[in-house]
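Notes follow once the structure below has been shown.
First the proteins, then the strands, lettered A, B, ... as listed; each starts at 1.
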Amino acid sequence: MGNDRVAIRLTEVEAYGGRSDPASHAYGARTGRNEPMWAPAGTLYVYLSYGIHWCANIVVGGVGEPNAVLMRGGDIVEGRAAVERRRGRSAQLTNGPGKLGQALGITGSASGSDLWTGPVRLEGPLSSVASIERTQRIGISKAVDWPWRFVERAD
DNA sequence: CAGGTGATTACG
DNA sequence: GTAATCACCTGC
């Protein structure tokens with residue numbers, strides 16, 4: 001019964017939202033699932049992808065603007081054993097939104113929670129902007145050319 | 001490369 | 001009610 005705490009340093013994210021992002025869950029109707037996207041910045045938005053994967057977003061931006069940042073990948077800083085317990089002993093444990101959600105033990109019940117006080121928390125510090133590479137988003141079928149994916153440069 | 005998986009959405 | 005879509009992962 002060790003410590004269940006898992007800490008991951010984000011190295012890959014994608015932005016979704018804006019008033020007219022066809023790939024965003026906030027594009028079109030405001031529904032039960034995407035409701036947390038309209039919550040204040042610093043809220044967690046979780047959705048089930050392809051019936052299997054829990055993917056987690058950080059709500060950002062101004063009040064009433066449904067913008068979110070999808071957490072796509074990171075490095076395990078703490079709790080590797082706990083992650084392997086959940087994910088198995090794969091070589092690539094946290095390189096993908098579904099894997100990341102599983103590694104962190106996130107499910108839909110955490111959607112809408114506060115990232116400062118809730119079960120999933122965001123902490124600093126941020127990396128230097130100079131080490132961030134910008135590319136197209138992955139795994140979507142609309143607005144595929146929008147360069148809204150941000151990855152830490154390998155080196 | 002293909003298939004699994006089920007919530008969610010649009011339509012009527 | 002039904003059907004289509006999906007911000008993905010794993011194992012051939």
Salt-bridge criterion met for [X] and [Y] (N-O under 4.0 Å):
X	Y	result
A:Glu152	A:Arg9	yes
A:Arg137	A:Asp21	yes
A:Arg72	A:Glu14	yes

Ignoring backbone atoms, test whether [X] places a side-chain nitrogen or oxygen under 4.0 Å from the OP1 or OP2 oxygen of [N].
X	N	result
A:Lys99	C:dT10	yes
A:Arg149	C:dA7	no
A:Lys142	C:dC6	yes
A:His53	C:dC9	no
A:Ser141	C:dA7	no

Only one of A:Glu84, A:Gln102, A:Arg86 passes side chain to side chain contact (heavy atoms under 4.5 Å, CB included) with A:Leu93, and that residue is A:Glu84
Looking at A:Leu10, A:Ile8, A:Thr94, which one forms a side chain to side chain contact (heavy atoms under 4.5 Å, CB included) with A:Met71?
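Per the side chain to side chain contact (heavy atoms under 4.5 Å, CB included) rule, the option paired with A:Met71 is A:Leu10, out of A:Leu10, A:Ile8, A:Thr94.
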Starting at [atom1] of [X] and ending at [atom2] of [N], how long is that distance when rounded to a whole Å?
X	N	atom1	atom2	result
A:Phe150	C:dA7	CZ	C1'	15 Å
A:Ile52	C:dG11	CD1	P	12 Å
A:Tyr50	C:dT10	OH	P	15 Å
A:Trp54	B:dG6	CH2	C1'	10 Å
A:Leu100	C:dC9	CG	P	9 Å
A:Arg33	C:dT5	CZ	P	15 Å
A:Arg86	C:dC9	CZ	C1'	18 Å
A:Gln102	B:dT5	CD	C1'	14 Å

Pair pattern of DNA chain C in dot-bracket, where unpaired bases get dots and | marks partners in another strand, Watson-Crick or G-U under 3.5 angstrom
||||||.||||.
Which sits closer to the 5' end of DNA chain C, A:Ser90 or A:Ala68, going by the nucleotide each is nearest to?
A:Ala68
From the set [options], return the single nucleotide nearest to any side-chain atom of [X].
X	options	answer
A:Leu48	C:dA7, C:dT10, B:dA7	B:dA7
A:Ala29	C:dC9, B:dA10, C:dA7	B:dA10
A:Tyr45	C:dA7, B:dT8, C:dC8	C:dA7

Does a donor on one side chain sit under 3.5 Å from an acceptor on the other, for A:Arg149 and A:Thr135?
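Yes.
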With sugar-phosphate meaning primed atoms plus P, OP1 and OP2, does A:Arg137 contact a base, only sugar-phosphate, or nothing at under 4.0 Å between heavy atoms?
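Counting heavy atoms under 4.0 Å across all strands, no contact is made by A:Arg137.
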Under 4.0 Å between any heavy atoms, over every strand shown, what does A:Ile140 touch: base, sugar-phosphate, or nothing? Just pick one.
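Here A:Ile140 touches the backbone only, sparing every base.
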Flag as yes if A:Tyr16 stacks onto the base of C:dA7 (centroids under 5.5 Å, planes under 30°), otherwise no.
yes
Is it the case that the ring center of A:Tyr16 lies less than 6.0 angstrom away from the ring center of A:His25?
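Between A:Tyr16 and A:His25, which both carry aromatic rings, the centre distance is not below 6.0 Å.
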If you round to the nearest 0.5 Å, how far is CH2 of A:Trp38 from CG of A:Asn67?
10.0 Å
